[in-house]
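For clarity, every value in this text was computed on a predicted model and none was experimentally measured.
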Amino acid sequence: MEGPYRPERQDASTSARIAVVCDGFLTYGGSERVVEAILRIHPHADLFALVDFLPPHARGWLNGRQVRTSFLQHVPFARRHLRKLVALWPLAIEQFDFEGYDLVISVQFAVAHGVLTKPYQPHVAYISSPMRYAWDLQDDHLRQDGLAFGMLGFTTRRMLHKLRMWDTLAGQRPDAIAANSRFVAERVRKYYSRKGVVIYPPVFIDRFTYSTEPRDFYLSLGRLVPHKRVDLIVEAFTRMTDLPLVVAGSGPMLKALRKRATANITFVDEVSMPEADRLMGKARAYLHAAVEDFGITPVEAQATGTPVIALGQGGLRETIVGAPATEPTGLFFDRQTPEAIVDAVRRFEACRGSYSGEACARNAERFSERRFASEFRKLVREATGLS
């Protein structure tokens, strides 16, 4: 495993003014980790976001840094209903003033790439994903929200149509684009007609160690929201009562999942980062049933020596070495159904000895923060002359 990460000294003059702009801070997740890594490369950068609703216990990585927010920060119900204000996000992101900055870096999962910059200001965008609820997942989200039909549904579709038009134009604004996976780079090509350099997001693998503890259970870890499809994993294990499953995480689906669970399924709904790391290190395998643009948690699981059983779509195809490779780090199933998960788990049980914890940990090292910093510096240097 790599030693502690220490950012190199900036080659460019520290007098260069750099702005880092993001969609918003609601929790400490994948986008926040990208921002954290970029701020280590550019520690003097100023930070902008549509909103900053990070709770106190999740703000440590900011090191007291001030976040400059948009007018959405002051909308009374924005904290709980930010998504309902999506029609205002483009307007809000365009209101930031970057006068006097030598470089603008945007970290996008929605609209941050649409910032307005001067003709002489280089803008480098890190694209986590074109807005999936406006593009390829529009119909799925409308059905989940009960908006597939009716006047309100029509109004929502019209708003998303306008959002797509804006997003296509916004995709032309950055001078250089990085995509967080080949899967996302293809969607950047399709929706923005732009070529994005693939730079995988940083996984802070230095905090993990390969665990030799007994592997007692299967693990699902993350937010319990519909698109994560944890319901499929729970349903699969109600049909495999001989195998234990731990579901770690909280969210709106928790109550319904508890009702469906059988005695072999345990829920841990308040999970700290150290507890999550411990659970991953003790799991027989980590289960993931969602389509991910990249998927940081499956890489973290591998860093602890834990193989991953996952849906074989999206970015996970790039981060997991699927059986029957010489040194597999996981196993794929091809359909989002309980039956497919049952089949995959049974196949895994039949050949558990072919999965090496050391191979999993080595594979995770491909996605280290050190690698991210080197590749991101190179992109900025080639696009702007700064580093």
Side-chain angles (χ1 to χ4, degrees), residues 26-33 54-55 57-58 60 203-205 207-292 294-311 316 319-320 329-331 333 336 338 341-342 344-345 348-349 355 357 360-361 364:
L26 307 175
T27 184
Y28 182 73
S31 293
E32 286 73 21
R33 298 181 198 200
L54 275 177
H57 69 269
V203 181
F204 300 149
I205 60 174
R207 85 167 199 257
F208 300 96
T209 55
Y210 165 51
S211 174
T212 58
E213 291 192 58
R215 304 284 174 160
D216 299 328
F217 52 83
Y218 287 87
L219 176 67
S220 171
L221 173 66
R223 293 175 296 143
L224 302 182
V225 292
H227 74 272
K228 292 295 184 181
R229 300 316 311 265
V230 180
D231 58 318
L232 300 178
I233 297 172
V234 169
E235 177 63 27
F237 275 81
T238 64
R239 306 178 189 184
M240 297 184 289
T241 55
D242 57 314
L243 296 175
L245 170 69
V246 173
V247 178
S250 59
M253 295 187 66
L254 177 59
K255 186 176 180 180
L257 293 175
R258 283 186 185 274
K259 287 183 178 180
R260 297 168 61 178
T262 46
N264 59 314
I265 302 174
T266 303
F267 290 85
V268 184
D269 56 351
E270 295 294 336
V271 187
S272 65
M273 188 175 292
E275 176 66 6
D277 297 351
R278 187 189 70 81
L279 287 170
M280 283 191 288
K282 292 191 66 177
R284 190 174 297 179
Y286 172 78
L287 286 146
H288 202 91
V291 179
E292 294 289 352
F294 174 75
I296 285 180
T297 306
V299 177
E300 293 177 337
Q302 292 175 78
T304 68
T306 299
V308 180
I309 300 173
L311 179 68
L316 298 190
T319 62
I320 299 167
T329 68
L331 182 151
F333 53 92
Q336 281 183 310
I341 296 172
V342 169
V345 171
F348 178 82
E349 282 286 312
Y355 293 89
C360 292

task = Give the ring-plane orientation class for Y218 versus F237, where under 30° counts as parallel, over 60° as perpendicular and anything between as tilted.
result = tilted
query = Is there a side-chain contact between P307 and T329, using heavy atoms and a 4.5 Å cut-off?
reply = no
query = Between the main-chain N or O of F217 and the side-chain N or O of R284, is there a donor-acceptor pair closer than 3.5 Å?
reply = no
remark   = dist E349:CD -> L331:CG (nearest 0.5 Å) comes out at 11.5 Å
query = When rounded to the nearest 0.5 angstrom, what is the spacing between CG in L219 and NE2 in H288?
reply = 11.5 Å
ask   = Are E235 and D231 close enough that some pair of their side-chain heavy atoms sits under 4.5 Å apart?
value = no
inquiry  = Let me confirm one number: the CZ-OG distance from R229 to S220, rounded to the nearest 0.5 Å.
reply    = 12.5 Å
message = Quick check: do D242 and M240 have side-chain heavy atoms less than 4.5 Å from each other?
response = yes
inquiry  = Tell me whether R258 contacts the main-chain N or O of M253 through its side chain, where contact means a donor paired with an acceptor under 3.5 Å.
reply    = no
Side chain proximity check, V247 to I233, heavy atoms < 4.5 angstrom = no
message = Tell me whether T319 contacts the main-chain N or O of V299 through its side chain, where contact means a donor paired with an acceptor under 3.5 Å.
response = no
inquiry  = Looking at every heavy atom in both V345 and L243, which two are closest together, and how far apart are they?
reply    = CG1-CD1, 3.6 Å
task = Check whether any side-chain heavy atom of T238 lies under 4.5 Å from a side-chain heavy atom of I265, and answer yes or no.
result = yes
